[in-house]
Amino acid sequence: MTIKVRVRFAPSPTGGLHLGGVRTVLYNYLFAKKHGGDFILRIEDTDQTRFVEGAEKYIFDCLKWCGLEPDESPLHGGPCQPYRQSERKPTYLQYALQLIEQGNAYYAFDTPEELEKMRSDYKTAENPSPQYDARIRMKMSNSLTLPAQKVKELIDAGTRYVIRIKMPENETIRFDDLIHHEVSFDSGLVDDKVLLKADGMPTYHLAVVVDDYLMGITHAFRGEEWLSSAPVHILLWKYLFGLGNMPQWAHLPLILGPSGKLSKRDGAKYGFPVFAMNWTDPRSNEFTEGFKEKGFLPEAFINLLAMLGWNSGTEQEIFTKEELIKNFSIERVHKSGAKFDFEKAKWFNQEWIKKLPVTNYADSVKELFAAKNIPLKDDTYFIEVLELVKDRCALLTDFIEQAGYFFQAPAELDAASVMPKWNESKKEFFDQYCQDLEQLNEWDVSSIESLFKNLATEKNIKPGELQLPLRIMLVGGKFGPAVFEIAGMIGKVATIERINKGLSIFTQ
RNA sequence: GCUCCCAUCGUCUAACGGUCAGGACUCCAGAUUUUCACUCUGGAAACACGGGUUCGAUUCCCGUUGGGAGUACCA
């Protein structure tokens, strides 16, 4: 019998969801779906001081937008409720006490001030950050150094205490990581991490192990920043639930920014989004841009994230979510960190804009237009326009410039591209052309075009000399599809209006 | 400082002892387009260094260097 795959993503609701976080979700999700397993979202809100209003909902919104919704979560329910660690608080104490009984943990009464004093007292040039470890724990105030009676008195008196793991002194802790393979640590070099805080809440270290066990997690994928504390978790598994029940670990390589680790600041500094969606910290009011609002398609977003540290072994780069699920394998995830490249990210999005039917993202573009007060016509026309200009758009926001002139006259004309070669005979040409257009019964592209070319021949002007001015009049700049196509789309009235307006500007 | 992780074009990557080291993004040139883009063709661009092992190393081992992470009653 094979055990059902169960994976989890366990964010703390402290702020935006960044690239690396979404990619961790993605790999978890892909792995679970590939193996017919469950993807669980657990909220790790054990630090009350860092709780941020709205952060949890924001995470759900991001996952929904990405199409990576969990099977179980505080929002979706599930058999292992509750999925918020703050609501599981009573659970953790018993395991901490079990560890004390087994001799694997102890009470520590040191105050924050005492800890600080210890750190400064033992700080040297060779050891800038002294740890609470085997060498110094016997010099501190804890149940290892105090007589049992005294410990009992302190606890009975309500003295604040924490419970720390007692790291063995000379043990090599090994484990097999799905990505890094065998990793080993010397237990004597790891400090006695706090397991249960003075407020009764567990730290991440205890909570992650207890909940992974209680929720039946079979595979635990997380960022590489956790690799250093893995020995603590391995030991906890050994002491509490047995190494045989421990999930398979995979520590994902980090996503780097242009200079070192990717940070919120990089986004602002280099002009690319870092979070999945816009996020404003309610406390500091600090705003961080999101991929969604920047104009990314969710399909492109997960595609580009998937390729940042993983590849299928083929030369295929564009993958649908279904293809990713089919092809994903944790063994093909890279060991080294990947630098995020916004240019390549845009390329992925452009490919997806071209690949997807415009109807898939027409509503998003509509919202963008509404925000810019661009008037909309009927849907058929709208779709037709998007189809016409989609090849020119890397971001959804590019549609504003590339499609806006189909709905309203350009606000400004690139007169500089026309003026140097502008002359009276061209003005006469356009005057005449307007009159001819007015008479046109059938407003179709070929008539508009042949009228233009015939008149040009008649006036003895090269059509090429005239097309650019016409384009500038209709579009505003040197871009867009074929001019006559545009005239055909915007209609007789708008075409003539825009030519006349252009004429008045060029002939000043 | 200490611990751990990592190392192929500028960037993302392929290669699992023998390849002209392949692809993609970016950049450059050309074709196409009477604009811009798309598309197509071509080009520039990498095995960090030093030792081993081997008939043969980008590939395996060791060291050096470089980069990253951790070193909280944060996750």
Side-chain angles (χ1 to χ4, degrees), chain A residues 10-14 44-47 49-50 85 108 110-112 115-116 119 123-133 160-164 177 179-180 183-186 188-191 193-205 207-208 222-231 251 253-254 256 258-261 304 307-318 332 334-348 350-351 354 389-394 398 402 414 417 462-468 470-472 475 477-483 486:
Chain A
S12 58
T14 53
E44 309 226 334
D45 55 349
T46 54
D47 186 356
T49 63
R50 293 211 307 159
Q85 290 183 330
D110 317 281
T111 64
L115 288 173
E116 202 169 314
R119 291 193 184 103
K123 186 173 174 176
T124 60
E126 299 80 48
N127 186 14
S129 42
Q131 303 192 111
Y132 201 117
D133 59 17
R160 287 172 74 82
Y161 66 85
V162 301
I163 295 177
R164 286 180 182 270
D177 186 277
I179 293 168
H180 297 279
V183 183
S184 66
F185 296 84
D186 179 351
L189 269 0
V190 184
D191 65 331
K193 290 264 184 272
V194 169
L195 264 19
L196 201 76
K197 298 185 264 191
D199 63 2
M201 278 288 192
T203 59
Y204 172 83
H205 308 294
V208 73
R222 66 203 331 185
E224 205 182 83
E225 70 269 26
W226 291 109
L227 196 49
S228 311
S229 42
H251 288 89
L254 266 16
L256 280 6
S259 53
K261 67 180 178 225
L304 73 92
M307 303 309 287
L308 223 45
W310 172 85
N311 73 82
S312 68
T314 69
E315 285 181 355
Q316 183 178 354
E317 291 194 272
I318 302 299
R332 287 199 69 89
H334 251 238
K335 288 178 173 180
S336 51
K339 201 172 283 186
F340 174 69
D341 179 11
F342 189 50
E343 290 305 320
K344 183 105 189 201
K346 280 195 289 192
W347 175 78
F348 272 106
Q350 183 165 24
E351 290 300 307
K354 284 189 292 186
V389 303
K390 63 191 266 193
D391 283 356
R392 281 155 246 263
C393 299
D398 291 339
Q402 294 295 337
D414 177 12
S417 299
K462 281 188 219 145
E465 294 273 299
L466 297 161
Q467 270 195 40
L468 184 66
L470 178 61
R471 168 175 299 280
I472 305 280
V475 176
K478 287 192 278 188
F479 56 91
V483 243
I486 296 169

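Letters A, B, ... are given to chains in the order of the sequence lines, protein chains preceding strands, and every chain is numbered from 1. Model, not experiment: these values are computed from the prediction. What's counted below: heavy atoms across the whole structure, side chains too, no hydrogens, waters or symmetry copies.
Contacts of G309(A) with the nucleic acid, taken as non-hydrogen atoms under 4.0 Å apart, involve only primed sugar atoms and P, OP1 or OP2. Residue contacts shown for H251(A) are absent, as no nucleic acid heavy atom lies under 4.0 Å away.
The side chain of N127(A) places no N or O atom within less than 4.0 Å of a non-bridging phosphate oxygen (OP1 or OP2) of G1(B). Taking 4.0 angstrom as the limit, H180(A) places a side-chain polar atom (N or O) nearer than this to OP1 or OP2 of C6(B).
H205(A) meets the ring pair (Phe, Tyr, Trp, His ring centres under 6.0 Å) test with H233(A); sequence neighbours excluded. Checked against salt bridge (Lys or Arg N to Asp or Glu O under 4.0 Å), D191(A) has the following partners two or more places apart in sequence or in another chain: K193(A). Evaluation of the side-chain hydrogen bond (donor to acceptor under 3.5 Å, both in side chains) rule for K346(A) yields no partner, not counting sequence neighbours. T314(A) pairs by the side-chain hydrogen bond (donor to acceptor under 3.5 Å, both in side chains) definition with S312(A), not counting sequence neighbours. For W226(A), the ring pair (Phe, Tyr, Trp, His ring centres under 6.0 Å) criterion is met by Y204(A), not counting sequence neighbours. Checked against side-chain hydrogen bond (donor to acceptor under 3.5 Å, both in side chains), S184(A) has no partners two or more places apart in sequence or in another chain. Applying the side-chain hydrogen bond (donor to acceptor under 3.5 Å, both in side chains) test to K197(A) and every residue at least two apart in sequence or in another chain returns nothing.
Between U59(B) and U53(B), the two P atoms lie 15 Å apart (nearest whole Å). Going from the C1' atom of A45(B) to that of C20(B) covers 16 Å, rounded to whole Å. Atom name P, nucleotides C12(B) and A7(B): the rounded distance is 12 Å, in whole Å. The same atom, P, is picked in C9(B) and in A14(B); the two are 12 Å apart, to the nearest Å. Annotation: A44(B) and G51(B) have their P atoms spaced 30 Å apart (nearest Å). A gap of 39 Å separates the C1' atoms of C6(B) and C38(B), to the nearest Å. Nucleotides C40(B) and C60(B) place their P atoms 36 Å apart, quoted to the nearest Å. Taking atom C1' in both G67(B) and U8(B), one finds a spacing of 15 Å when rounded to whole Å.
Using the Watson-Crick or G-U wobble rule with both distances under 3.5 Å, U53(B) pairs with nothing in any strand shown. Remark: U32(B) base-pairs with no nucleotide; criterion is Watson-Crick or G-U wobble with both hydrogen-bond distances under 3.5 Å. Base pairing of A24(B) is made with U11(B), judged by Watson-Crick or G-U wobble geometry with both donor-acceptor distances under 3.5 Å. Nucleotide C4(B) forms a Watson-Crick or G-U wobble pair with G68(B), both donor-acceptor distances falling under 3.5 Å.
Cation-pi geometry between R392(A) and F479(A) is not satisfied (NZ or CZ under 6.0 Å from the ring centre, within 45° of the ring normal).
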Once base and sugar-phosphate atoms are separated, protein heavy atoms under 4.0 Å mark nucleotides 22-38 of chain B, 5' to 3', with B, S and - as SSBS--------BBBBS
Base-contact (B) and sugar-phosphate-only (S) positions in nucleotides 64-75 of chain B, heavy-atom cut-off under 4.0 Å, - elsewhere
----SBSB-BBB
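Atoms NE2 (H334(A)) and P (U11(B)) sit 14 Å apart, rounded to a whole Å. What separates CG of N311(A) from P of U11(B) is a distance of 17 Å, to the nearest Å. Note: NZ (K123(A)) to C1' (C2(B)) measures 14 Å, nearest angstrom.
For CZ of R160(A), the number of neighbouring non-hydrogen atoms (other residues, nucleotides, ligands) closer than 6.0 Å is 12 at most. Counting heavy-atom neighbours within 6.0 Å of Q316(A) CD, excluding the residue itself, gives a total above 12.
Each of S184(A) and T314(A) lies near RNA chain B, and the nucleotide nearest S184(A) is the one positioned closer to the 5' end.
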